[in-house]
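Structure first, then comments.
In this chain, residues are counted from 1 in sequence order.
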Amino acid sequence: MVGRAAELSALHNALSGARTGHGGTVFVVSEAGLGKSRLVHECIADATRSGMAVLRGRATEAGATVPFRPLTEALFSLMRAGGVPDDPALAPYRAALGRLIPEWSEGAGHREDDSPIVLAESILRLLSVVGRGRGALICLSDLQDCDAETMGILEYLVDNLSGQPVLLLATIRSTPSPALSLAQSSARDRAAQLMELRPLTDDQVCELAAASLGVAADELPESLLRWLTQGADGNPFVVEELLRGGIDAGALVRSGAGWQVVDGVPRNVPSTVAASVIDRARRLGPQWHHALEAASVIGRRFPLDVLQQMCGLSDDELYTLVQVGSEAQLLEPSRSSPDWCTFRNAWTAEAFAIQVMPAKRRSLAAAAAAAVESLYPDMPGELCQLAATLRLTAGDEPAAGLLFAVAGRRALADGAAASAERLLNRAIELIPAQSHAVQRAEALESLLYALTEAGDVDQALRRGVDLYGSTLLAPAQRAELLTRLAWVCVVGGHWEKAAEQVAIARRLLAESPSPAQFAPLDVVEAHLFTLADNQGDDRAARAEALALRAVRIAEEIPLPATACQGRQVLALLARRRSFEDADVHLRSMFATADAYGLPIWRLRAQIRLATNELMRTGDTEQIMLAREAALSLGAITAGAQADATVAMQQVLFCEFGQAESLAEQLLESTTRMHQESEAQFSLVIKIAVQAHQGRQEGMRRMLAEFRRLGGEQSFHAPVVFGHRAICALLGEDRPGAEAEMARIREWERTHPTIYYQSGRYGLGLLLEVLADRAGRAELAETRAAEASHLRWNLQFVLAAEAVLLGREGDPLAAVKMAEAQAAAAPYPMARHLALRLVAEAALADGWGEPVDWLRAAEQHFHSADVAGIAGACRTLLRKTGARVMQRRTGNSAVPAQFSSRGVTAREFEVLMLLGERRGNPEIAKLLFISPRTVEKHVASLLDKLDRADRRGLSELVGGG
């Protein structure tokens, strides 16, 4: 730690911050040998002393394309230290974490999300739980050799650790690499601290040498110091290696007079260090020297049994090699894999490797590859990539390419699309098209899948061109690829590109039609007809016909996933006619998924069924069960969709605090995971929270953020218009609300109907009826729409019908208004808003109980602090000649049964004292008012509460 006091202090402060919940990231960057590992060791010791949790992992050059290697090693270290925290907050993330630690997937349910963003969020949640109350340190070393998937996770962690009790400490070589670029850009953005280690000064080299040799600095010979300062260039590792090599070679000896340099000193630092390493190996004997050379051809990290077979070592000889190599500080056992070993540092491995002549290197590499393939025919994990690299070193490019293709397909199956892309690109470069045409085409096909899984639709389409016109793949194979590409385009909203792929695929299948291939194509095209702009009844009918045909074929073959996709489209289309018909498709989808073991499709059906039930009845029981099912499956995305549905319903129920809290959690997680549409809808919920409380300024702030995320061009726009209409009505801005309803109608004229509770099928009709712009014909048209029977819409439709009946002088108007209020029972704000709106019409037309309605509405909105509409209710009451309470501080404490009758706060105080059988003089004294004023209050109470005498009043509040 010579010369590293400032760095140690900075790390100590960073650890203190993590322990108090203010974590972050520190990147330690330097060339090899400057002390990164020692700094990490000291930081771990500091963290351990303070009781922090410590996780540690390392990237390796051999594992540069092994997905998540350093993270897996770090999490294994957590398991060894105490296992997985049993915390309910981690329940939905266990399945995702099971991708790294297989044991963790036990009991975690089916994994829905293979997205690296979901995995990153899961690791962030785990680290936060591990560090709760004590802090956590995660050390990841040698990230210059890091795989692409780990880099993606690291970038996510760097962006989100600042408010967590976690410090990420990462070491990187100063040579160009993606990890170094991340460190530098994060430091520029102030998202991380960049700690660049510099070479030691001459004085610090002297101090280090003295400490290593166990003497005072002034006791070192000048010639030794010149040797070290000139040869080591300030590199602590080289200083130590030069000292050790000098002692081993007899060039540096200790006598009674202290340390002395003998026979001069070599000047070439790299060769000197290499020579010291090789010399130590030679001292072990020829057998071990040869074995170490063979190991260096495999890589810095190597499997022991492969080395054993290459060199013909017995078990005892292999054990001896590891032992003597460790004692000579050349080798060390692998921390993560007991059957593997590693060279002590990169320079040691390189020192051996440069000594091996090219011909011998090729021979050793071929022997190593043969050993891997013999010992591990299936070549699990990183062994497949190791064999591919060895075959390439041996000069067998076709064999290497085929192995890289296998490794790429495995990475793709594990959801590591970026690593799969790199490996498959390498395979395509190495596999010759002339002699291995089919295998190269298959690798290209796998690459296409990897690109689509990674969401790189444009690149997938470009690479797909090589396959579309290829004569190496049958037309049916190319059509299947195009169908896959088309579905990716649909999911990404690339309608035109999706349509192009569908058209080409249909042409390819024209000569040899197969129902099994047409069914998935029909599903994709049905989605296009359903979701594309400017749709009409004809397009909807074509979409339904295609989906029905796809489902029939898929259920006969069977193709269960395609059948579920088709039923999902049919349910969406059926909603326009009948939610019951939609449920028929969803129940069939559920049954298919259940029969064929497709838990995620079953969950999707369950969520959609529960959502339909919620909209019909206002009952949340089924959606809450669906939420629990999503948690048990670890289906984070589906769980978030269920949460969003619940949060929006909480807004309608006036449970604003719960809705806002859940929406904030959703916004935080979806923003971190770059789920744009879901983040937009989280903001829609927050807009609704403000709008339904009449908070125009708060709503405007949320709207600005919604626009920033592109929400006004999304499918969420009409529901935002509906909430803005609500806010306008609460501010007594009727024209503003009508304008928002007009925007909804205009939007849905050219866009598909996604939301059925935006106002078009309920509130909009009521406003049109109140404005005398709609009558019986418009009511009949609205009631013919299935959406008008959803409970939120139904309350307004029934209220509109009551207004029309009252305008016609029909005595059933009051009955219809009672039905409207019954439908509105779960929705306090909407129920009282309808009372205020309808009361004005009832006053004009002389029907119903508008005074009672206005009093109830005034009491609700006054208590909710919505001044505009509460004041309007009081104004209307005054016009009727009804008594209107004076709103003083304390009125909110008047129970609804009294406030609805116009009892004021002061009158309620008098009433309570009457319940105690107190006389007027005593009441006057207690309330600091005159007895005459008490008499006035008692008279008012008798009138408002319809009681004959004081005794009747006292009985109301406890007098019997």
Side-chain angles (χ1 to χ4, degrees), residues 1-30 34-60 69-87 90 97 100-101 103-104 123-143 150 153-154 157-158 161-172 192-195 197 211 236-237 326 329 332-338 342 344-345:
M1 288 292 96
V2 171
R4 304 299 182 221
E7 289 82 359
L8 282 172
S9 177
L11 288 175
H12 178 79
N13 292 337
L15 289 170
S16 298
R19 287 194 293 271
T20 58
H22 302 287
T25 304
V26 177
F27 288 107
V28 182
V29 176
S30 77
L34 286 185
K36 298 185 296 295
S37 299
R38 181 63 179 170
L39 205 57
V40 168
H41 177 78
E42 292 295 323
C43 188
I44 290 174
D46 190 350
T48 303
R49 284 192 297 271
S50 62
M52 295 177 69
V54 176
L55 299 83
R56 188 173 184 183
R58 178 191 296 270
T60 67
R69 175 180 179 77
L71 291 169
T72 300
E73 186 173 327
L75 296 180
F76 268 126
S77 71
L78 175 65
M79 287 194 68
R80 289 193 295 270
V84 186
D86 187 17
D87 192 299
L90 294 179
L97 289 167
L100 302 185
I101 306 296
E103 291 87 342
W104 291 6
I123 293 173
L124 179 64
R125 298 291 182 110
L126 173 64
L127 292 174
S128 299
V129 169
V130 169
R132 187 185 298 153
R134 57 172 175 163
L137 170 66
I138 176 169
C139 299
L140 300 177
S141 301
D142 296 335
L143 294 187
T150 298
I153 302 295
L154 287 178
L157 293 178
V158 169
L161 280 178
S162 60
Q164 307 295 336
V166 181
L167 174 64
L168 167 61
L169 176 61
T171 68
I172 310 169
Q193 180 180 352
L194 181 60
M195 189 178 289
L197 301 186
F237 167 73
S326 299
Q329 298 185 334
E332 58 184 21
S334 172
R335 288 191 298 270
S336 58
S337 304
T342 184
R344 182 169 177 263
N345 48 60

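What you find for T171 and D142 is that their closest heavy atoms are OG1-N, 2.9 Å. Minimum heavy-atom separation, L140 to P70: CD2-O, 3.8 Å. Closest approach of L197 to G35, counting heavy atoms only: CD1-C, 3.9 Å. Nearest heavy atom pair, residue L137 against residue M52, reads N-CE, 4.1 Å. The shortest heavy-atom contact between S326 and P333 is OG-CD, 4.1 Å.
Rounding to the nearest 0.5 Å gives a distance of 13.0 Å between CD of E7 and NZ of K36. Here the CD-CG distance, from E73 to L75, works out to 10.5 Å after rounding to the nearest 0.5 Å. Taken from CD1 in I153 to CG in L100, the straight-line distance is 7.5 Å, to the nearest 0.5 Å. Rounded to the nearest 0.5 Å, atoms CZ (R125) and CG (L97) are 11.5 Å apart. For the atom pair CG (L167) and CG (N13), the distance works out to 11.0 Å, reported to the nearest 0.5 Å.
With S77 contributing its side chain and R56 its backbone, the two residues share a donor-acceptor pair below 3.5 Å. Side-chain N or O atoms of S9 include none that pairs as donor or acceptor with a backbone N or O of A5 at under 3.5 Å. A distance-only check finds no donor-acceptor pair linking the side chain of R38 to the backbone of L34 [under 3.5 Å]. No donor-acceptor distance shorter than 3.5 angstrom exists from the side chain of S162 to the backbone of G24, with no hydrogens or angles considered.
Between L39 and M195 the shortest side-chain heavy-atom distance falls below 4.5 Å. Put simply, the side chain of L78 reaches to within 4.5 Å of the side chain of L126, judged on heavy atoms. Within the 4.5 Å cutoff, no side-chain heavy atoms of V166 are placed close to those of L168. For the pair E42 and L11, the minimum side-chain heavy-atom distance is 4.5 Å or more. Contact of the T150 side chain with the R69 side chain is not registered, since no non-hydrogen atoms from C-beta on lie closer than 4.5 Å.
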Checking L157 against I138 for the side-chain contact (heavy atoms from CB on, under 4.5 Å) test, could you report, in this order, the C-alpha distance in whole Å, the side-chain angles of both residues, the deciding distance, and whether it holds? CA-CA 11 Å; L157 293 178; I138 176 169; 5.5 Å; no
Check the pair L124 / Q164 against side-chain contact (heavy atoms from CB on, under 4.5 Å), numbers first and verdict last. CA-CA 9 Å; L124 179 64; Q164 307 295 336; 4.0 Å; yes
Assess whether side-chain contact (heavy atoms from CB on, under 4.5 Å) is satisfied between V40 and V28, documenting all intermediate values. CA-CA 9 Å; V40 168; V28 182; 5.7 Å; no
Checking L15 against S50 for the side-chain contact (heavy atoms from CB on, under 4.5 Å) test, could you report, in this order, the C-alpha distance in whole Å, the side-chain angles of both residues, the deciding distance, and whether it holds? CA-CA 9 Å; L15 289 170; S50 62; 5.9 Å; no
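A donor-acceptor pair shorter than 3.5 Å can be found between the side chains of R19 and S16.
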